[in-house]
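Let me begin by presenting the structure, written as structure tokens, before commenting on it.
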Amino acid sequence: MNQSVNIGRRQVMLSSAFAAAGALSPAVLAQAAKSKPLPKYAEWKYIDSLIVHSSNTIETRRGAFGTSVIVPTDILFVRNNVSAPDASIAYDPDAWELTVQGVRNPGKMTVGQLKRLGIETVATVLQCSGNGRGFFAHKASGTQWQVGAAGCVVWSGVPLAALAKAMGGVAAGVQFVTGSGGETIPPGVDRRQVVVERSVPLKAMETALLAWEMNGEPLPLAHGGPLRLVIPGYYGVNNVKYLSRLSFTETETNANIQATGYRIRDIGKKGAPAQPTMWEMNVKSWINHPSGEGPVSPGTVQIHGVAFAGLTPVKGVEVSTDGGKTWRDARFIGPDLGRFAWRQFVLPVQLGAGSHVLVSRATDAAGNVQPAERLENERGYGHNGWRDHAVKVTAA
Ligand SMILES: Nc1nc2c(c(=O)[nH]1)N[C@H]1C(S)=C(S)[C@@H](COP(=O)(O)O)O[C@H]1N2
Ligand SMILES: [Mo]
């Protein structure tokens, strides 16, 4: 059940759990009142848990992440590179058509047909490549995300491998899986410039899904319904929404979003195909509570947050209450939903009156440790440096 209150001139939906717990501090209410309104396609989301950067970019507030592993769809971030398609595409999801190319028997499949090929379910971290961009000192261009352009969600759909098999198998010479978004390209606009079309290495097929369900519900338009490509362990951009074409290709697509966008390069440099692209995610963690949005009471504080890596499970997390001088092992809580999901961690600490700098540092099963500093790069991608993700909190 939700309760709605008026903040400023706009109606704001408050989850009754939050309201009952008195969890909304005056600071958060003030921010909600200032926030831009939610766009139509996402108006059902809980604005009090979100930061609305623009109609195409909506972030989860740090203090709104809970401890139950899965991020509810109502508070999950949204990122559209171009305007979301018309809501009518999701009215009859089973009729949505996917064009399949680069297989021995290319053709079209409706979602209804895909549902008969096989079913798998997987929990993954969906994270924008630019999550943490707001911490870069050079004001990297793009949305100034803090920590909330990420969430752990459960997908259901058909394994991509089952689709390939049903269509006679992958054609000879194929090296990539290329997914195309179903947004309408306005007449006169160069498709290559605007299409959301991404290529990932063929080996991603082993775990990829074509999903029509998320967090136990039909996939909403905002998150790519009727059909979405899910590439576990890879950055958000590779998880193409409103999937209209799936091609097994010999080369990477020449669409701008692949060829020059989402490339790691030095500050001031232009994007180019030879630079590393945003595929597998790096090891990362951050603290969600305390969130730094307001003071905490001195005494015992349960520090909690999330940790994950790309294709490797996360192995451990350390927490520091002195800005990274000394560290203690945190404990994972909750179910382990597999190597692509994040783990929740907790460490109870005593915080005396005063200010504290809380940080976390994750290690994955391959031994990769979250670095202290960000990797400086033009567009502010892949930020996993722990120092910038610190929470500054006052106990009073
Ligand atoms: N078709 C399509 N797919 C897309 C995008 C898009 O704009 N169009 N944005 C990508 C980016 S950059 C990210 S981070 C994720 C965001 O997923 P979400 O909006 O479900 O949170 O979707 C990816 N898939
Ligand atoms: Mo993204």
Side-chain angles (χ1 to χ4, degrees), residues 38-39 41-42 44-45 49-60 70-86 89-90 96 98 124-134 140-145 147-155 157 177-185 191 193-200 208-215 217-246 253 255-258 261-264 277-279 281 379-383:
L38 285 165
Y41 68 87
W44 43 271
K45 294 211 173 224
S49 299
L50 300 165
I51 303 166
V52 184
H53 293 280
S54 75
S55 60
N56 283 339
T57 48
I58 305 168
E59 159 165 20
T60 310
I70 297 306
V71 173
T73 308
D74 293 331
I75 70 165
L76 182 66
F77 85 105
V78 177
R79 165 43 164 153
N80 284 321
N81 295 64
V82 290
S83 301
D86 194 82
I89 71 163
W96 179 260
L98 176 73
T124 74
V125 174
L126 181 68
Q127 182 188 214
C128 184
S129 311
N131 197 26
R133 180 184 287 131
S141 101
T143 304
Q144 298 301 297
W145 306 109
V147 298
C152 185
V153 296
V154 178
W155 309 98
V177 174
T178 299
S180 316
E183 289 100 337
T184 317
I185 313 275
R191 178 180 187 275
Q193 299 229 353
V194 297
V195 70
V196 178
E197 186 168 274
R198 288 283 300 178
S199 301
V200 296
L209 285 192
L210 304 173
W212 50 76
E213 209 178 276
M214 189 182 81
N215 290 349
E217 294 168 333
L219 186 59
L221 178 80
H223 295 293
L227 189 69
R228 179 171 198 167
L229 180 59
V230 173
I231 309 286
Y234 282 57
Y235 283 99
V237 68
N238 304 290
N239 294 253
V240 176
K241 306 199 273 190
Y242 343 106
L243 188 72
S244 62
R245 192 170 76 195
L246 195 287
T253 167
N256 280 11
I257 196 170
Q258 179 87 18
Y262 295 85
R263 297 279 171 181
I264 294 269
T277 188
M278 301 309 287
W279 281 338
M281 294 191 287
R379 292 303 308 274
Y381 292 136
H383 192 346

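First listed ligand is number 1; within each ligand, the first listed atom is number 1.
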Are there any N/O pairs under 3.5 Å between ligand 1 and the protein, and if so, what are their distances?
residue  : atom   : partner : partner atom : Å
ligand 1 : 1 (N)  : Glu183  : OE1          : 3.1
ligand 1 : 1 (N)  : Glu183  : OE2          : 3.2
ligand 1 : 1 (N)  : Lys241  : O            : 3.0
ligand 1 : 3 (N)  : Lys241  : N            : 2.9
ligand 1 : 7 (O)  : Asn81   : N            : 2.6
ligand 1 : 7 (O)  : Asn81   : OD1          : 3.0
ligand 1 : 8 (N)  : Glu183  : OE2          : 2.6
ligand 1 : 9 (N)  : Arg79   : O            : 3.3
ligand 1 : 9 (N)  : Asn81   : OD1          : 2.9
ligand 1 : 17 (O) : Arg228  : NH2          : 2.9
ligand 1 : 19 (O) : Arg79   : N            : 2.9
ligand 1 : 19 (O) : Lys241  : NZ           : 2.6
ligand 1 : 20 (O) : His223  : ND1          : 2.7
ligand 1 : 20 (O) : Arg228  : NH1          : 2.7
ligand 1 : 21 (O) : Phe77   : O            : 2.8
ligand 1 : 22 (O) : Arg228  : NH2          : 3.1
ligand 1 : 24 (N) : Asn239  : O            : 3.1

Could you point out which residue of Val230, Leu229, Val196 forms a side-chain contact (heavy atoms from CB on, under 4.5 Å) with Leu243? Leu229
Parallel, tilted or perpendicular: which describes the rings of Trp145 and Phe77, with under 30° parallel and over 60° perpendicular? perpendicular
Donor-acceptor side-chain pairing of Gln258 and Thr253 below 3.5 angstrom: no
Output for pair (Ile257 CD1, Ser180 OG), nearest 0.5 Å, gives 11.0 Å
Taking atom CD of Glu183 and atom OG of Ser244, what is their separation to the nearest 0.5 Å? 8.5 Å
Picking from Thr124, Asn239, Asn215, what satisfies side chain to side chain donor-acceptor pair (under 3.5 Å) with Trp155? Thr124
